[in-house]
2 protein chains.
Amino acid sequence: MTRAPASRALESTPLWLKLSSYLVLSDEEKMYLADLERTIDRVSPRTDLLQQGERYRDVRIMREGWAIRHKALPDGRRQVVNFVLPGDIIGMYCTLFESADHSVTTLTPVEVASFPPEKIGELFRSFPRLAAALAWSGAREEAIVAERLLSLGRRTALERTAHLIVELLRRLSVVNMVTDGHFVLPVTQEILADALGLSIVHINRTLRRLRDSGLIELNGQRITVNDVRQLASVGQFDELYLHLIRAPRRLERAFSGAHHHNGARMDGENRPKA
Amino acid sequence: MTRAPASRALESTPLWLKLSSYLVLSDEEKMYLADLERTIDRVSPRTDLLQQGERYRDVRIMREGWAIRHKALPDGRRQVVNFVLPGDIIGMYCTLFESADHSVTTLTPVEVASFPPEKIGELFRSFPRLAAALAWSGAREEAIVAERLLSLGRRTALERTAHLIVELLRRLSVVNMVTDGHFVLPVTQEILADALGLSIVHINRTLRRLRDSGLIELNGQRITVNDVRQLASVGQFDELYLHLIRAPRRLERAFSGAHHHNGARMDGENRPKA
DNA sequence: AGGCGGCCACAACATAGGTTAATCGGCCGA
DNA sequence: TCGGCCGATTAACCTATGTTGTGGCCGCCT
């Protein structure tokens, strides 16, 4: 793990992009966020950022690369709970727990920022709108896991696989990682299998079917989605669960501090005072 | 739905019991919590407290009875995401989303409290320790869903079923709903099937196996767990994911407000449970 | 260059779990 | 009291997915 200076503090980081799709945030908030992303580590592929049973440390922001959040059974069976993509947060509520009930492992070279969990409290106090945006990001993660539960419980292998591909497409779009319907999927079939609750052989069969039907193409790690509509329909994909809609108006009342009398609007370009 | 006056405002509600297992809270905090639970509704069995696609309204606290959180596919297949037990919160972060991606339906007569979501912001500002405890409860829910994902993806039918029974036993214990290893399981086999991603027939077979092996007994809605250890071992149950351990010390730094000088210590007279 | 390990691919076979269908008992409303 | 309905139970049969095993490709090390 290499620690490196932040090179693009005031550029648009993936997290910033993601949060911006939800809430218009002020420059001041952008600066605070940039500060959270100041301490940066570079991590090699196939490295654990966190291990099941281990004590939690810092909160982390994924800036670049892919990782997986996964849980293992004592006998080695493994389930990938979710993919960690640029702009995702790792262990946002880690202070609340004594130790981690899952592992996080990098798939590619990764760039992560870390900050001490106390910052979260500070955030809620001083930048409630930003905190709300982060809370949204966290709640959305839960929604994604719940949707994957629906997949594993009630969708067939073909449906699950199609659904996952569309989900990744949508999530990656938000952070500008999709061009013309294709993106890099730095994932072995074993990992896909562990994410979808299938055997590696069956994932292979299923991908073949999707390729044969012309819905997707695979060249190495690049996947091209030829017909999103149809793929989404195969996977019974309904993007409601991604909660991509902008923040509802009522958010202001709930999260902005009553002790900040600045009249800031939740959906405007206004900003609360520090 | 009948609205009724709160009858036991200052008694120990299930939520209070649950939070107390995590954090020792002050009388002031108890009173604030009681205030959140002041507006109470009674709801009949098989009633939706929330419907997929519907706009979110209030935050709710389950005080009595059971409900399920579930998601449905357009063709009717259904997955139960989680059981909502007394002391659980429904839609804690509901302000953040425009509309619900799941439904919540009662299984028994239910007593729920409702409060407007703005209270959550107030909570974070004025009662940070209580807010931390609620955040813990929410984060734990996510952990439970992730563990169920592991079940559906990688555990066999027998393992899943055993695991769920032990999980319910543990969760119900915290709110004093278990006596001598037996509790009321107000659930049809169809619901169990939908929770475990199995067919109704196969759940039946599986329960039979568990009964035949003497691990559990079923009489109507009462289930008796004869040998928790062994049942846990069948289900590869590791309670780590329930995060039942008392709040870590570092919590105080993160969540307590810097502008609050109430002298309450985050870890009170706590000690980790054996 | 040769060998090795990781990953993909596919065929042949095995099985956990799904489906269909029939029976039974309990509860409730007419 | 008599249906009628809902849920549990079980048997017989079926299929989606798992398992085992082989071969091929490619990159990497020595």
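Letters go in sequence order (proteins before strands), and every chain restarts at 1. Side-chain atoms are counted along with the backbone in the values below, which use heavy atoms only and exclude waters and symmetry mates.
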Using the side chain to side chain contact (heavy atoms under 4.5 Å, CB included) criterion, which residues pair with [X]? Sequence neighbours excluded.
X	answer
I245(A)	E98(B)
M92(B)	I89(B), I120(B), L134(B)
Q52(B)	K71(B), A72(B), S103(B)

task: Would you please name every residue forming a salt bridge (charged side-chain N to carboxylate O under 4.0 Å, His left out) with R222(B), sequence neighbours left out?
output: none
All salt bridge (charged side-chain N to carboxylate O under 4.0 Å, His left out) counterparts of R57(B), not counting sequence neighbours: E54(B)
query: So how far is it from R211(B) CZ to I223(B) CD1, rounded to the nearest 0.5 Å?
result: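 Separation between the atoms: 9.5 Å.
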query: How large an angle, rounded to 10°, do the end axes of the helix from dA1(C)-dT30(D) to dA30(C)-dT1(D) enclose when each is built from five base pairs?
result: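 Comparing the first five pairs with the last five, the axes sit 30° apart.
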Quick one: ring-ring contact (aromatic ring centres under 6.0 Å, His included) pairs with a partner in [range], sequence neighbours left out?
range	result
residues 39-61 of chain A	none
residues 182-230 of chain A	none
residues 208-244 of chain A	H163(A)-F237(A), H163(A)-Y241(A), F237(A)-Y241(A), H243(A)-F97(B)

Table of protein N/O atoms under 3.5 Å from nucleotides 13-18 of chain C N/O atoms:
residue, atom, partner, partner atom, Å
dG17(C), OP1, A157(B), N, 3.1
dG18(C), OP1, S199(B), N, 3.3
dG18(C), OP2, S199(B), N, 3.0
dG18(C), OP2, S199(B), OG, 3.1
dG18(C), N7, R205(B), NH2, 2.6
dG18(C), O6, R205(B), NH1, 3.2
dG18(C), O6, R205(B), NH2, 3.1

- prompt: Could you give the CG-to-C1' distance, from N204(B) to dC24(C), as a whole number of Å?
  reply: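 That distance rounds to 13 Å.
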message: According to salt bridge (charged side-chain N to carboxylate O under 4.0 Å, His left out), does anything in residues 167-190 of chain A pair up with another residue at least two apart or in another chain? List the pairs.
response: D88(A)-R171(A), R148(A)-E167(A), E167(A)-R171(A), R170(A)-E239(A)
message: Mind checking if R46(B) touches a base, just sugar-phosphate, or nothing, with heavy atoms under 4.0 Å?
response: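 If one applies the 4.0 Å heavy-atom cut-off, R46(B) turns out to touch the sugar-phosphate alone, with no base involved.
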Contact interval (first through last nucleotide) of DNA chain D with protein chain B, 4.0 Å heavy-atom: dG7(D) to dA12(D)
- prompt: Is there a side-chain polar atom (N or O) of R208(A) under 4.0 Å from OP1 or OP2 of dA9(C)?
  reply: no
